[in-house]
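This report concerns only the one structure given below.
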Amino acid sequence: MTAIIIDGKARGLALRTTVAAGVAEFAAAHGRAPGLSVVLVGQDPASAVYVRMKGVATREAGMVSAEHILPAETSEPELLALIAALNADPTVDGILVQLPLPRHIDTDRVLAAVDPAKDVDGFHPINVGKLSAGLDALVPCTPAGCLLLILEALGDISGKEALVIGRSNIVGKPMAALLLAKSATVTIAHSRTRDLAAHVARAEIVVAAVGVAGLVKGEWIRPGACVIDVGTNRVTGADGKARLVGDIEFEPARARAGWITPVPGGVGPMTIAGLLANTLQAAKARVS
Ligand code: GUN
């Protein structure tokens, strides 16, 4: 079997087009476009690229984007004051604080300071709790995008064996909650898991989100499985050139899987599309 390669770029673009239509409708009805404020503290180059990409995509969808780029020395009270101002601003529907934050800032305190109704990352404890309880919530963008890809490939996943590798708050845990909400049988593997190969071999759905290049061997994959690779690891190839690879050995996994996401061009484009969808969702909820 050779897997169908899931085109996250095309799927992400389709979602962005749908969101843009919703944005135009919102603007016509309410006399303003939804607004997203992104906050970046410091100069982390990868974060700066993400923030720029988010700003471009937000504007392309017809929304208002504000990027707040603060120096690395920004104090926690200064950051909390900005968040309070964004919470109080009626033209701001979504607030995203780019992670990681500098070490002198308490990330949990900052995330908990964002108005849950504007928490387009879905990281506020209230939204985490709602997702866990199966209630309507703003859901983290990356796992939400992964779920869309999985449902498009497989349709109903009720009762299917799903394995999430990684237990981060950004991807692993919310991914498991989303799969559970769709009635999959969910296992979460992590760095202490014994015999990862045996878990992978049982899984009809594999989502890998650990950030270890090639951790999941292609030969472990259950034939016909839907394989979603969230990893983006920079490695140097035999030719000395840097390239991005996932957590899953792509070619051997592709030879066994039913569906597989490439890296890059799989999950990545779904994350930004999911952010735009969340911003529109937050804007609509705030005016209703
Ligand atoms: N850093 C890496 N991924 C993310 C994400 O999804 N949201 C935010 N805010 N920061 C990140």
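Predicted, not measured: the structure shown is a model, and the values here were computed from it. Each ligand, and each atom within it, is numbered from 1 in the order the structure gives. Keep in mind that the numbers below use all heavy atoms, side chains included, and drop hydrogens, waters and symmetry copies.
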Task: ligand 1 atoms in contact with V97 (distance to a heavy atom under 4.0 Å) - done: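 Answer, ordered by atom number: 8 (C), 9 (N).
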Open item on the list: As an exercise, identify every atom of ligand 1 less than 4.0 angstrom from a heavy atom of L96.
Closed with: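 In order of numbering, the contacting atoms are 9 (N).
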Open item on the list: Students should be able to answer this: which protein heavy-atom is nearest to atom 10 (N) of ligand 1, and at what distance?
Closed with: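 Sorting protein heavy atoms by distance from atom 10 (N) of ligand 1 puts L99 N, 3.0 Å first.
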Open item on the list: Considering non-hydrogen atoms of the protein only, which is the closest contact for atom 11 (C) of ligand 1, and what is the distance?
Closed with: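 Minimum-distance protein heavy atom for atom 11 (C) of ligand 1 reads Q98 NE2, 3.5 Å.
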[atom1] ([X]) with more than 12 external heavy atoms under 6.0 Å:
X    : atom1 : value
D136 : CG    : no
Q43  : CD    : no
R243 : CZ    : no

Open item on the list: Regarding ligand 1, does I170 bring an N or O atom to under 3.5 Å of one of the ligand's N or O atoms?
Closed with: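 Between I170 and ligand 1 (N or O atoms, distance only) the closest approach is not under 3.5 Å.
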Task: For R11, the option from I6, T261, L149 that meets side-chain contact (heavy atoms from CB on, under 4.5 Å) - done: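 With R11 as partner, side-chain contact (heavy atoms from CB on, under 4.5 Å) holds for just one option, L149.
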TODO: Check I150, L154, I5, V227 against W259 for a side-chain contact (heavy atoms from CB on, under 4.5 Å) and give me the one that passes.
DONE: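 Of the listed residues I150, L154, I5, V227, the side-chain contact (heavy atoms from CB on, under 4.5 Å) partner of W259 is L154.
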Open item on the list: Please tell me whether I157 and L131 are part of a single hydrophobic cluster in this structure, the criterion being side-chain heavy atoms less than 4.5 Å apart.
Closed with: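 I157 clusters together with L131.
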Open item on the list: As a check for students: among V120, L111, D121, identify the option with a heavy atom nearest to atom 9 (N) of ligand 1.
Closed with: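 Nearest option to atom 9 (N) of ligand 1, by heavy atoms: D121.
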Open item on the list: Yes or no: does F123 have any heavy atom under 4.0 Å from an atom of ligand 1?
Closed with: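 Yes.
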- [ ] Mind checking whether T271 contacts ligand 1 via backbone (N, CA, C, O), side chain (CB onward), both or neither, at a 4.0 Å heavy-atom cut-off?
- [x]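 The answer is neither.
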